[in-house]
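Reading through the structure tokens given below for one structure.
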Amino acid sequence: MEQTAVKEIAITLPDGAVRRYAPGVTGMEIAQSISPGLAKAVVGIHINGEPSDLSLPIEGDAAIVLVKRESDEGLEMIRHDCAHVLAEAVQTLFPGTQVTIGPTIENGFYYDFARNEPFSTEDFAAIEAEMRKIVERGAAFEREVWDRTEAIKFFRDKGEAYKAELIENLPGTESIKIYRQGAWLDLCRGPHMPTTKHVGNAFKLMKVAGAYWRGDSNKAMLTRIYGTAWRNDKELQAYLTQLEEAEKRDHRKLGKEMALFHLQEEAQGSVFWHPNGFVIYNQLEAYIRRRLSATDYREVKTPQLLDNKLWEASGHWGKYRENMFVVPDVVPNTEEGGKVFKEEPTRFMALKPMNCPAHVQIFKQGLKSYRDLPIRMAEFGCCHRNEAHGALHGLMRVRQMTQDDAHIFCTEDQITSESVAFCDLVKAVYKDLGFEDVRVVLALRPENRAGSDETWDKAEDGLRQALTQAGLAFTEEEGEGAFYGPKVEYHLRDAIGRSWQCGTLQLDFVLPERLDASYIGEDGARHRPVMLHRAVLGTLERFIGILIENYAGKLPLWLAPVQVVVATITGSADEYAEQIYNALKAAGIRAALDVRNEKINYTVREHSLAKVPNLFVVGAREAEEQTVAIRRLGSQAQDVEPLDEALAALIAQAQPPF
RNA sequence: GCCGUUUUAGCUCAGGGGUAGAGCACCUCAUUCGUAAUGAGGGGGUCGUAGGUUCAAAUCCUAUAAACGGCACCA
């Protein structure tokens, strides 16, 4: 065997095959050596588990995974690179614009720019055209490592203050990587695809929005451009179609079409429930009431207006005053045209923003023994919060909301069992209501917090254990808990994928202390109870909004505002139809009678569009035979059944799940 | 609250200095019909609000409100 000076390195592929190459071989060269087709398809590489560039020389033995453009990771790279292309296009067309950051997000990417004159969607056509030029040009992404001080100076001199700040804040251990694409360059961690051409054509700019630098409302407002990018045009079109479809499910749109509710200027953020919508509201409330009753909650009702002193004691006045509706406890001036109040009000009441302080007042009536615990106190509490104008959003974010709230007063030893019971309850309820895809977050101790580390350990473990026992997959988020205790959040998604917090479970060691709640323990001494704040739906408003979008308005029968319409084909069947209608009403079914002189096509269309789940159509034949022709929403089929059977079946189907 | 966009009939939208339009809905009449729009006729808007420019403003300018999309916030 001839000894050569050239050493070889061993490259292990995912299937375990080992290939030998000269040191300094690149990922792209490896791909080429395997097959030209692969070299074409590949856009990235993992070297010993680390995502990297195909152009990076590999000097020693390594295990590699080649990333194809068609893979999910490839798609991520397309989006990331597309953000760079966007930034180059913007700086080409709008000199003087500073670049900041441009990450990938679900379905796309965005890039934040600093410019005195903000962009408008009217600029999109020009920017997209420039982007296509850049992609067409196909400049290679070239990676360079720069000296930190030089990099800072470079960007400062260039007038890129934000980039310079980013570099200054990078940890000292991290090298400063620069990626060039032709004449343009950007600070970036990478990795990137081989060239801008790999981005392809399946991208589209979607919207502009303001966004604060570093997400801090005290810092400058930047202009953010959102884009979407896909592997091919078919995927892009599918995504755009899906967005259009999602818009049709928007609860605000359906709420109008189905006459469920409305909102108006004079009561912004507060819902006018119409008869149809209030059926859903009431059904949902009744369902939760049955669930609560079965799990030993007792329902209460507490005042809407409470003296400011109580809010001061609870701590809400200090922390949340700007979001509270405060009512001066003074008789207004009765003179025309004068000031609202003759004298400066000195006493204030506030509309309750939450129910807990009121519940503590009930707890505090009379002496409580450890034998009384846990006390589970529920209220469909109507709360008011003066939410920022920009935060309001249909039913999802309102100023007047009704929570399916409850507080559990218990001992520390009862935390885990109560939490487990609650998690089970949430799981059962969400399943009944059609939600399988729930995002569960365990929010852990924040920097500023009350209570000892020991207490927090216990509380966090209690919640963790509860979630595990309930069989819920969850993620933990450091520092996201409330100052008074950790919390579990249940998030549901709306039609276009926005996530909203619905259910919650929060441990609280502070409020019982502040409001001086106590019980007598086994030892005869006073002890502080722990409070568990919990809501299953969160607020009825938001939950109904999510429900509407989840079902696209086609609510399950037990929640449908109108469960069945009895419609006639000719006037000769009117009497029979009325008889059916009366029977349905008597059985507690929400029925409507339609004996208008209209063609049956018209009638079917109208009620189908109104998303009525069942149509009982009757004509002379049905009247004669004592049958009904059933047409169910979403089906063209006509199911002729004897009246008795149809009635019994509908009554059975209309039963709530609990 | 911040950035951008929007606001015309009950709803969805067109019209961009010369005095307001469509479709659907509504009302009236005719039609009594077998499973997603029967026909004809009619009524309806001081163009978000308040100022300004102009011979003339829905249209141009300024302010303001709300809604929408994000950001920040969400006890």
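Naming convention: chains lettered A, B, ... in sequence-line order (proteins, then strands); numbering from 1 in each chain.
- Using P as the reference atom, U31(B) and G43(B) are 23 Å apart when rounded to the nearest Å.
- Within 4.0 Å of Ala629(A), counting heavy atoms only, lies at least one base atom of the nucleic acid.
- U8(B) and C47(B): their P atoms are spaced 11 Å apart (whole Å).
- Per the geometry, NZ belonging to Lys319(A) stands 12 Å off C1' belonging to C73(B), to the nearest Å.
- If you check distances only, the side chain of Arg224(A) never reaches the base of C71(B) with a donor-acceptor pair under 3.5 Å.
- When heavy atoms are screened at a 4.0 angstrom cut-off, Leu609(A) is found touching base atoms of the nucleic acid.
- Glu265(A) comes within contact range of the sugar-phosphate backbone alone, with a heavy-atom separation under 4.0 Å but no base atom that close.
- For the OP1/OP2 pair of A75(B) and a distance below 4.0 Å, the side-chain nitrogens and oxygens of Lys487(A) include at least one atom meeting the criterion.
- Gln638(A) places no side-chain N or O within donor-acceptor distance of the main-chain N or O of Ile630(A), the cut-off being under 3.5 Å.
- Within 4.0 Å of Ala482(A), counting heavy atoms only, lies no atom of the nucleic acid at all.
- His393(A) comes within 4.0 angstrom of sugar-phosphate atoms only, judged by non-hydrogen atoms across all strands, and of no base.
- For Tyr430(A) and Phe543(A), the gap between ring centers is short of 6.0 Å.
- For the atom pair Arg399(A) CZ and Leu351(A) CG, the distance stands at 12.5 Å (nearest 0.5 Å).
- For the P atoms, the distance linking G15(B) with A9(B) amounts to 15 Å, nearest Å.
- Remark: U35(B) base-pairs with no nucleotide in the shown strands. Criterion, Watson-Crick or G-U wobble with two distances under 3.5 Å.
- Ring pair His262(A)/His274(A) is perpendicular by interplanar angle, where above 60° counts as perpendicular and below 30° as parallel.
- Residues Val438(A) and Val440(A) are in side-chain contact: their nearest non-hydrogen atoms beyond the backbone lie under 4.5 Å apart.
- Look at CG on Asn597(A): it is 13 Å from C1' on G39(B), rounded to the nearest Å.
- Within 4.0 Å of Phe483(A), counting heavy atoms only, lies no atom of the nucleic acid at all.
- Taking the six-membered ring for Trp, Phe113(A) and Phe119(A) have ring centres closer than 6.0 Å.
- If you take atom P in G69(B) and the same atom in U54(B), they sit 40 Å apart, rounded to whole Å.
- The partner of U54(B) cannot be assigned: no Watson-Crick or G-U wobble pair with both contacts below 3.5 Å exists in any strand.
- For Ala391(A), the listed nucleotide lying nearest its side chain is C73(B); candidates were G70(B), C73(B), G34(B).
- Among the heavy atoms of the strands lying under 4.0 Å from Thr570(A) is at least one base atom, whether or not backbone atoms are also near.
- One can place CD1 of Ile225(A) at 13 Å from C1' of C3(B), the figure rounded to the nearest angstrom.
- Contact check, Lys599(A) against A36(B): no side-chain N or O comes under 4.0 Å of OP1 or OP2.
- Ring planes of His359(A) and His407(A): perpendicular class, angle over 60° (limits at 30 and 60°).
- With a cut-off of 3.5 Å on both Watson-Crick or G-U wobble distances, the partner of G21(B) is given as C13(B).
- In this model, the phosphate group of A75(B) is not approached by any side-chain N or O of Gln506(A) to a distance below 4.0 Å at OP1 or OP2.
- Residues Gly394(A) and Ala637(A) each lie close to RNA chain B; by heavy-atom proximity, the contact nearer the 5' end of the strand is made by Ala637(A).
- In this structure, Pro118(A) reaches the sugar-phosphate backbone alone: every heavy-atom distance under 4.0 Å involves primed, P, OP1 or OP2 atoms, never a base.
- What separates CD of Glu598(A) from C1' of U31(B) is a distance of 10 Å, to the nearest Å.
- Following rounding to the nearest Å, Asp574(A) (CG) and G34(B) (C1') show an atom-to-atom distance of 15 Å.
- OP1 or OP2 of G10(B) has not a single side-chain nitrogen or oxygen of His262(A) nearer than 4.0 Å.
- Within 4.0 Å (heavy atoms only), Tyr484(A) reaches sugar-phosphate atoms of the nucleic acid but no base atom.
- A sub-4.0 Å separation between OP1 or OP2 of C68(B) and a side-chain N or O of Arg252(A) is present.
- Using the Watson-Crick or G-U wobble rule with both distances under 3.5 Å, U59(B) pairs with nothing in any strand shown.
- With its glycosidic angle within 90° of 0, G16(B) is assigned syn.
- If you check every strand for non-hydrogen atoms under 4.0 Å, Ala211(A) touches sugar and phosphate atoms only.
- Between Thr223(A) and Val640(A), the residue anchored closer to the 5' end of RNA chain B is Thr223(A), taking for each the nucleotide with the nearest heavy atom.
- Put simply, the side chain of Arg214(A) and the base of C71(B) share no donor and acceptor less than 3.5 Å apart.
- On a pure distance criterion of 3.5 Å, no polar donor-acceptor pair joins the side chain of Glu117(A) and the base of G4(B).
- In Gln653(A), the CD atom is crowded: over 12 heavy atoms of neighbouring residues, nucleotides or ligands sit closer than 6.0 Å.
- If you check every strand for non-hydrogen atoms under 4.0 Å, Glu622(A) touches a base.
- Aromatic ring pairs are classed by plane angle as parallel below 30°, tilted from 30° to 60° and perpendicular above 60°; the pair Trp230(A) and Tyr239(A) is tilted.
- Note on Arg399(A): nothing from the nucleic acid sits closer than 4.0 angstrom, heavy atoms only.
- Nucleotides C24(B) and U38(B), compared at atom P, are 11 Å apart to the nearest Å.
- Within the nucleic acid shown, Gly215(A) comes within 4.0 Å of sugar-phosphate atoms alone, with no base atom in reach, counting heavy atoms only.
- The pair Lys352(A)-Glu379(A) meets the salt-bridge criterion, with a side-chain N (NZ, NE, NH1 or NH2) lying under 4.0 Å from an Asp/Glu carboxylate O.
- Pairing for G42(B) goes to C26(B), judged as Watson-Crick or G-U wobble with the two contacts each under 3.5 Å.
- U5(B) is paired with A67(B) under the Watson-Crick or G-U wobble criterion, all donor-acceptor distances under 3.5 Å.
- Evaluation of Tyr320(A) against the base of A75(B) yields a stacking contact (centre distance < 5.5 Å, interplanar angle < 30°).
- Nucleotides A36(B) and G45(B) are separated by 32 Å at their C1' atoms, to the nearest Å.
- Remark: Arg631(A) is in phosphate contact with A36(B), judged by side-chain N or O atoms under 4.0 Å from OP1 or OP2.
- Taking 4.0 angstrom as the limit, Gln636(A) places none of its side-chain polar atoms (N or O) nearer than this to OP1 or OP2 of U35(B).
- For the pair Asn601(A) and A36(B), the criterion of a side-chain N or O lying under 4.0 Å from OP1 or OP2 is met.
- Within 4.0 Å (heavy atoms only), Ser120(A) reaches no atom of the nucleic acid at all.
- Distance, Asp112(A) CG to C3(B) C1': 11 Å, rounded to whole Å.
- Nucleotides G48(B) and C55(B) place their C1' atoms 28 Å apart, quoted to the nearest Å.
- Between G41(B) and G4(B), the distance separating the two P atoms is 49 Å to the nearest Å.
- For A25(B), the OP1/OP2 oxygens have a side-chain nitrogen or oxygen of Tyr602(A) closer than 4.0 Å.
- C11(B) atom C1' lies 15 Å from atom CG of Leu260(A), rounded to whole Å.
- Atom CZ in Arg596(A) sits roughly 12 Å away from atom C1' in C26(B) (whole-Å rounding).
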